[in-house]
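Some notes on the structure that comes next.
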2 protein chains.
Amino acid sequence: MDVKVIQNCCEPVLVETINASEADELAAAFKVLADPTRLRLLSLIANSPSGEACACDLVDPVGKSQPTVSHHLSILADAGLLAREQRGKWVFFTLVPERVAVLRDALAMG
Amino acid sequence: MDVKVIQNCCEPVLVETINASEADELAAAFKVLADPTRLRLLSLIANSPSGEACACDLVDPVGKSQPTVSHHLSILADAGLLAREQRGKWVFFTLVPERVAVLRDALAMG
DNA sequence: CAGTCATATCGACGAGCGTCAATATATGCG
DNA sequence: CGCATATATTGACGCTCGTCGATATGACTG
């Protein structure tokens with residue numbers, strides 16, 4: 001919570017809540033959400049009645065090539081937002097709500 | 001809320017919650033948060049005791065050049081996350097909590 | 001084992017973005 | 001007016017990223 005006193009144009013104020021490395025981490029997390037294709041993938045999976053979705057079912061709705069969808073799913077899984085489970089020939093993805101909650105809580109400044 | 005039926009490898013599922021344009025909008029909003037410098041600026045302003053901060057006081061803590069800070073503040077203001085108010089020679093920025101809440105609510109999938 | 005289907009990886013291209021130095025604009029002061 | 005200060009704009013550079021086609025890996029089937 002390191003807090004510093006800095007001289008400004010009017011009067012000294014207390015500042016600094018998140019440091020540089022915390023900001024880097026958070027920014028990287030939000031960067032994962034900063035792509036429409038990834039948001040649609042998250043939405044598709046989150047709203048699937050079974051709570052999971054196979055990668056093969058996500059290519060068409062998203063309207064991107066299979067390699068692109070695979071790429072985005074990897075990014076989402078690496079970020080911890082999706083859990084990956086291989087079942088035979090198929091790969092199923094599930095939302096990780098706790099991880100989503102971390103980002104939601106980071107926006108608790110208002 | 002347009003819902004479509006799509007044939008998958010196992011059985012038909014109901015999918016599609018956010019459409020392409022909604023995803024574009026949301027992604028653009030998250031893209032604004034996907035930068036460490038902008039996050040630190042938001043944090044500095046949000047945690048300022050007066051609730052506002054003058055641009056001149058944000059350059060040093062952030063450790064970037066004045067044009068860079070000005071650039072990021074413009075992006076945050078254009079995104080509606082910051083309110084801009086000119087007072088004499090200085091420009092003061094305030095957090096717009098309602099706008100932050102919009103993004104927080106978008107993460108209500110968990 | 002050969003073939004098929006699902007997924008992942010590779011390589012390349014183009015667009016977008018963060019950053020800075022230099023400069024412009026604008027506001028206040030003497 | 002002329003100078004100092006605060007902020008915005010411009011132009012350029014380098015890097016990252018989303019996308020695709022081609023191809024590789026891997027898993028089941030007959």
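Computed from heavy atoms alone, side chains included, the values below leave out hydrogens, waters and symmetry copies. Each chain gets a letter, A, B and so on, in the order the sequences are listed, and its residues count up from 1.
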- From the candidates C:dA6, C:dA8, D:dT7, the one with an atom nearest any side-chain atom of B:R84 is D:dT7
- Task: Take the protein atom NE2 of A:H72 and the nucleotide atom P of D:dC17, then report the distance between them rounded to whole Å.
- Result: 12 Å
- Query: Of all the choices, C:dA6, D:dA6, D:dG21, which nucleotide is nearest to the side chain of A:P67 once you look at every atom?
  - Reply: D:dG21
- Can you name the one residue among B:V62, B:I75, B:L81 that meets side chain to side chain contact (heavy atoms under 4.5 Å, CB included) with B:R38? B:I75
- Message: Using heavy-atom distances to pick each residue's nearest nucleotide on DNA chain D, tell me which of B:L73 and A:D35 is more 5'.
- Response: B:L73
- If you check the B:S70 side chain, which of D:dT9, C:dG18, C:dT9 turns out closest? D:dT9
- With the threshold set at 4.0 Å, does a side-chain nitrogen-carboxylate oxygen contact exist between A:E52 and A:R84? no
- Item | Distance in angstrom units between A:K89 NZ and C:dA8 P, rounded | 14 Å
- Provide, to the nearest angstrom, the distance between the CG atom belonging to A:D78 and the P atom belonging to C:dA8. 11 Å
- pair A:L58-A:L73: side-chain heavy atoms closer than 4.5 Å: yes
- Item | Spacing of A:M109 atom CE and B:L42 atom CG [to the nearest 0.5 Å] | 4.5 Å
- OP1 or OP2 of D:dT19 under 4.0 Å from side-chain N/O of A:S65: no
- Task: Go through C:dT7, D:dA22, C:dT27 for me and flag the one nearest to the A:V91 side chain.
- Result: C:dT7
- Spacing between B:F92 atom CZ and D:dA8 atom C1', to the nearest angstrom: 17 Å
- Task: Look at the side chain of A:K31 and decide which nucleotide, out of C:dT7, D:dA8, D:dC17, has an atom nearest to it.
- Result: D:dC17
- Message: So, does A:H71 get its side chain near the phosphate of C:dC10, meaning an N or O under 4.0 Å from OP1 or OP2?
- Response: no
- Starting at CG of A:L58 and ending at C1' of C:dA6, how long is that distance when rounded to a whole Å? 13 Å
- CD of A:Q86 versus P of C:dA6: gap in Å, rounded? 13 Å
- Do B:L33 and A:L33 come close enough that some side-chain heavy atom pair is under 4.5 Å? no
- Reckon B:Q66 touches a base, only the sugar-phosphate, or nothing at all at heavy-atom distances under 4.0 Å? base
- Ranking D:dT7, C:dC20, C:dT9 by distance to the side chain of B:K64, first place goes to C:dC20
- Within this structure, what is the CD1-to-C1' distance between A:I75 and D:dT16, rounded to whole angstrom? 11 Å
- Quick one: label B:R38 by what it contacts on the DNA or RNA (base, sugar-phosphate, nothing), any heavy atom closer than 4.0 Å. sugar-phosphate
- Pick base, sugar-phosphate or nothing for A:T37, based on heavy-atom distances below 4.0 Å to the nucleic acid. sugar-phosphate
- Item | Rounded distance in Å - CG (B:D24) to P (D:dT19) | 10 Å
